[in-house]
Amino acid sequence: MTSPEIYSSTIPLYAVLVSLIAAPLIMLSSRHAILREFWTLAASVVKFALVFMLLPGALAGRIAAFTFWEISPGISLALKADQFGVFFALIASGLWILTSIYSIGYVRGLKERKQTRYFASFAVCLSATIGVAFAANLLTFVFFYEILTIATYPLVIHKETKIAISAGRKYLVYTLTAGALLIAATAWTYRIAGTLDFRAGGLFGDASFSPAAITALFLLFIGGVGVKAAVMPLHSWLPAAMVAPTPVSALLHAVAVVKSGVFGVVRVVGFVFGPALMHQFGLNIFLATVAGVTIILASLLAFQQDNLKQRLAYSTVGHLSYIVLGAALLSPASLTGGLLHIANHATMKITLFFCAGAIYVRHHKEKISELDGIGRVMPWTMGAFTVGAVGLAGIPPISGFVSKWQLGLGSLQAGEALPLAILVLSGLLNAGYFAPIIYRAFLKTPPVPYEHGEASYAMVIPLLITALLSLLLGLNPDLFFHFYRLAAAVSGSILGGIVP
Amino acid sequence: MLHNSPALVPLLLLSTAISIPVLAIKKAKVAYPLAMAASLLSVVISCYNVFRVWGNGPLTYHFGGWFPPIGIEYVLDPLSSFIAVVVNVVAFFVLWHSSGIQGREIPGKSVPYYALTLLFLCGANGIIVTGDLFNLYVFLEIFSLSMYGLIGIGEKQAPVAAFRYLIMGTIGASFYLLGLGFLYIVTGSLNMADVRNILPLVYGNPAVAAALSFMVIGMGIKMAIFPLHGWLPDAYTYAPSTSSALIAPIGTKVAAYVIIRVLFFVFGVKFVSQSLPITDLIAWLAAIGILYGSVLAMAQKELKRMLAYSSIAQIGYIGLGIGLANPLGYIGAVLHILNHAFMKGTLFLVAANLRKRFGHSDISRFDASYRKKLPWSMAAFTLAALSMIGLPPTAGFFSKWYLALGAIDKGNWVFLAVILISSLLNAVYFFRILEKVYLAPPPAPAAGENLSPDGEKRKGSLIGEEEYSLMMPVVILSFSLLLIGLWNANIVKEVIQRIIPLGM
């Protein structure tokens with residue numbers, strides 16, 4: 001592979017700033033719902049368009065970069081839209097458009113209070129997420145990662161109930177601790193390597209370490225990014241954060257925030273440590289073990305949850321670790337599969353959350369045991385739900401199958417059978433905890449007839465689009481956004497030019 | 001004006017401080033504009049000085065034309081000119097803010113208040129620019145005596161707190177003087193640069209070690225470094241809000257500056273970190289102080305008292321940076337002098353606004369109506385709190401960043417852990433307040449009371465807060481935290497790195 005050409009461009013900057021500029025505009029239009037929603041939608045569309053403009057360059061190996069200024073002597077605040085960054089930014093910004101439309105339906109349907117704060121925080125979160133995606137070095141990454149932490153807090157406590165506030169506390173304790181660990185890891189890395197710029201294949205060069213030091217450093221990093229990636233035992237903030245309004249759970253706790261965590265894991269594994277160091281010190285085995293255990297335990301815990309969103313949350317915990325596992329196995333197909341799962345899990349899980357929110361807004365039902373026969377009054381919603389659930393269980397032709405297939409291949413490439421077994425078992429468990437929901441929804445008769453039907457168009461259309469996307473990306477992973485090509489290219493660059 | 005600009009600020013402040021009581025005999029109203037004018041002028045001159053130092057290198061001024069070491073020398077190098085700007089700028093904002101607050105908190109005392117404030121600032125500026133160790137003591141006394149006055153002028157318990165501080169502060173000053181005496185006996189000079197040159201010849205003399213210990217303990221009391229902090233919580237709590245907003249950002253920082261000056265620029269880095277490793281002691285005490293202050297801050301029920309304990313912790317950051325005695329720690333310490341001055345300034349001014357608006361600053365009584373009545377003050381408070389926790393891109397993050405780099409450079413993991421744990425403890429005690437101010441439902445309104453924010457807004461101004469003079473300084477100070485954070489590399493490279501002490 002030829003080394004990518006880097007050119008200076010302000011597009012990454014604008015992509016980050018768009019929603020940051022939208023936030024004050026939203027706050028200024030606090031008395032006009034329409035205007036507020038207009039700003040949100042406009043910002044999301046512009047943001048997506050900007051990110052999309054970067055796609056052809058990224059595919060051709062041309063990387064847009066923007067450097068602000070030195071933020072600490074020798075370290076710049078800098079953005080770089082490399083393939084991995086564009087990949088993640090595309091997912092986050094694309095789904096933000098749908099979530100915005102859905103949000104409008106949701107908050108209107110529930111007549112939520114404090115909508116201004118809600119939309120403004122949402123906009124800041126998206127800026128931070130794109131910042132995380134485009135961060136060119138660790139310090140810039142830490143910057144946006146911490147902003148994301150703080151901007152999400154008002155959304156977690158949105159309902160302002162006792163439960164919400166205590167969930168917010170839990171969230172802060174976990175994420176701020178993680179932030180502190182990440183800062184320590186970053187400072188230490190700077191001390192050892194003298195640079196913080198992400199480099200495919202590792203940034204340490206030929207610095208020498210003692211095994212104890214590198215293990216400690218790796219643990220600090222995983223402690224830092226692992227909380228948002230919800231690897232066990234650092235996951236318990238995520239189910240608690242489900243008290244947030246459903247669009248928040250959908251975009252942030254299935255896509256933006258948690259994926260920033262796994263994005264961080266992949267950055268740390270592939271762009272800070274690199275495959276050579278990972279293998280040399282056995283760090284990949286440690287990471288794969290953690291991921292494997294998380295996958296199985298989370299799936300088992302999902303069975304116990306009667307609250308629909310809680311069950312989805314545990315399912316998210318499990319699926320995030322698919323990606324971590326893919327990164328830990330460090331084979332071409334496993335990395336590609338792991339990265340693809342960032343996109344695929346995003347579209348599928350957001351569909352499921354959208355469905356949960358639609359049910360809640362229209363019928364005020366949150367528990368699975370109350371959903372008997374709901375498929376009859378909400379056929380479209382529950383149809384989309386079925387698509388997402390089938391996909392998460394890894395059944396073709398939904399996109400979840402593609403990423404799982406690649407992950408399975410990857411585990412064989414790495415010469416390990418155990419991860420493959422874990423993936424198969426997890427697929428069964430997924431099917432096990434989703435099947436009862438679908439069964440209840442379509443085949444059981446409701447105890448009392450439902451009073452309402454489908455939710456508003458603003459809610460149903462986004463969830464149909466995401467379900468359709470899951471299906472289409474399963475049929476052709478390279479459709480529209482070239483996710484497959486991007487993922488394969490990233491995986492190739494990390495592993496040093498071995499394109500599968 | 002050009003060649004004597006180093007001496008200009010202290011003299012200007014001193015002459016205004018003396019003339020205020022005279023000019024304001026008939027009309028007390030004159031005091032405020034006079035003080036503001038002097039303060040503004042000192043900001044202008046000290047900024048001008050910074051640029052001159054940047055352009056031409058250190059400036060010196062010899063009093064009465066007497067050359068050192070006989071005469072008194074004033075020296076403006078990047079470090080002293082920078083600290084002078086920090087002090088004068090923060091003081092200017094506090095003075096601006098005081099117009100709306102001192103009438104209520106210390107009615108009828110505006111003339112002594114402004115005279116004392118200017119005297120206090122004169123002392124601070126004198127300490128910063130002087131290049132003479134004994135002249136420093138003289139300014140230290142001016143500075144401290146006016147500080148006792150500023151504290152004692154407050155509520156009922158204030159004189160007791162002031163008296164306690166007077167005892168402690170006098171002991172501190174005496175220790176400094178004692179150390180200085182020892183130093184003079186061995187070196188025969190009082191000029192800092194001169195002493196610096198002579199000292200290596202007499203390092204072996206036990207009197208030098210004694211001098212160093214006395215001076216550090218003396219200034220340690222003034223700086224309130226753990227365990228010499230006993231005077232601080234009461235003094236900050238019972239002083240009038242406007243005095244605490246002045247003393248908290250400036251008082252202890254000036255002492256920190258003296259410690260940096262004396263340790264690294266008089267005694268020399270090698271001596272204080274290797275021959276007589278007093279920096280290690282400072283670092284460990286500071287680390288304990290950081291945790292101690294943070295834990296006690298969490299336990300406080302009153303905002304000003306909480307901020308006072310938080311100050312003890314934050315002074316620990318500066319102490320830790322000094323104690324690391326390496327370039328990165330030093331950068332962290334000097335930068336934190338600036339950052340903490342701005343953060344604590346903001347926080348104490350918000351506490352003052354709360355007291356003015358609601359008559360108390362009891363954390364347990366805060367609720368969401370406070371934010372609706374003081375939206376901008378609370379926004380400023382939030383920003384300053386995030387900076388205290390050390391979240392990017394605020395200034396506080398970078399103090400933490402450089403200190404963490406410094407701790408790693410030294411290979412001391414305990415210090416690194418302390419810095420990070422402290423930021424989490426900060427989060428605990430600040431989010432406790434933020435949660436209340438933004439989320440706690442206000443109590444049901446009493447009959448006839450109109451608590452709705454709309455009514456309030458219509459009555460007040462467009463922006464939701466009535467008094468600009470209370471709001472603007474707070475907002476400007478806190479938003480500059482973002483600017484300082486984003487452009488901290490310029491400060492570090494242009495100012496702090498230019499004057500890293502020899503031998504670090």
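A note on names: the letters A, B, ... follow the listed sequences, proteins ahead of strands, and every chain is numbered from 1. Predicted model only: the values in this text are computed from it and were never measured. Below, all heavy atoms of this structure are taken into account, side chains as well, without hydrogens, waters or symmetry copies.
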Checking Lys47(A) against Ser19(A): is there a side-chain donor and acceptor pair closer than 3.5 Å? yes

So Phe68(A) and Phe66(A), would you call those rings parallel, tilted or perpendicular, with 30° and 60° as cut-offs? perpendicular

If you tally heavy-atom pairs under 4.5 Å against chain B, which of Glu160(A), Arg191(A), Glu146(A) wins? Arg191(A)

Does a donor on one side chain and an acceptor on the other come within less than 3.5 Å for Thr67(A) and Ser76(A)? no

Residue part contacting chain A, namely of Leu328(B), when any heavy atom lies under 4.5 Å: neither

From Val474(B), Leu374(B), Val437(B), Ile433(B), residue fulfilling side chain to side chain contact (heavy atoms under 4.5 Å, CB included) relative to Phe381(B): Ile433(B)

Could you look at Leu416(B) and say if it's the side chain, the backbone, both or neither that has a heavy atom under 4.5 Å from chain A? side chain

Pairing donors with acceptors under 3.5 angstrom, does anything connect the side chains of Ser72(A) and Trp401(B)? yes

Is it the backbone or the side chain of Phe144(A) that comes under 4.5 Å from a heavy atom of chain B, or both, or neither? neither

Under a 4.5 Å cutoff for heavy-atom pairs, which residue among Tyr438(B), Trp413(B), Phe397(B) has the most contacts with chain A? Trp413(B)

Does any backbone or side-chain atom of Leu439(B) lie under 4.5 Å from a heavy atom of chain A? Answer side chain, backbone, both or neither. both

Donor + acceptor pair across side chains of Thr129(A), Lys259(A) (<3.5 Å): no

Using non-hydrogen atoms only, which part of Thr186(A) is less than 4.5 Å away from chain B: side chain, backbone, both, or neither? both

Which answer fits Val173(A), side chain, backbone, both or neither, if we ask what part of it has an atom under 4.5 Å from a heavy atom of chain B? neither

Honestly, the part of Trp188(A) sitting under 4.5 Å from a heavy atom of chain B is both

Going by atom types only, do Asn426(B) and Ser423(B) share a side-chain donor-acceptor pair under 3.5 Å? no

Counting heavy-atom pairs under 4.5 Å with chain B, the top scorer among Pro154(A), Gly74(A), Ala180(A), Gly168(A) is Ala180(A)

Ring-plane angle category for Phe273(A) and Phe218(A), please: parallel below 30°, perpendicular beyond 60°, tilted otherwise. perpendicular

Hey, which of Leu405(B), Leu486(B), Asn488(B) has the most heavy atom pairs under 4.5 Å with chain A? Leu486(B)

Engaged part of Tyr190(A) at the chain B interface, taking heavy atoms whose separation is under 4.5 Å: side chain

Under 4.5 Å from any heavy atom of chain B, what part of Ile71(A) do you find: side chain, backbone, both or neither? both

Any idea how Tyr309(B) and Tyr292(B) line up, ring-wise: parallel (<30°), tilted (30 to 60°), or perpendicular (>60°)? perpendicular

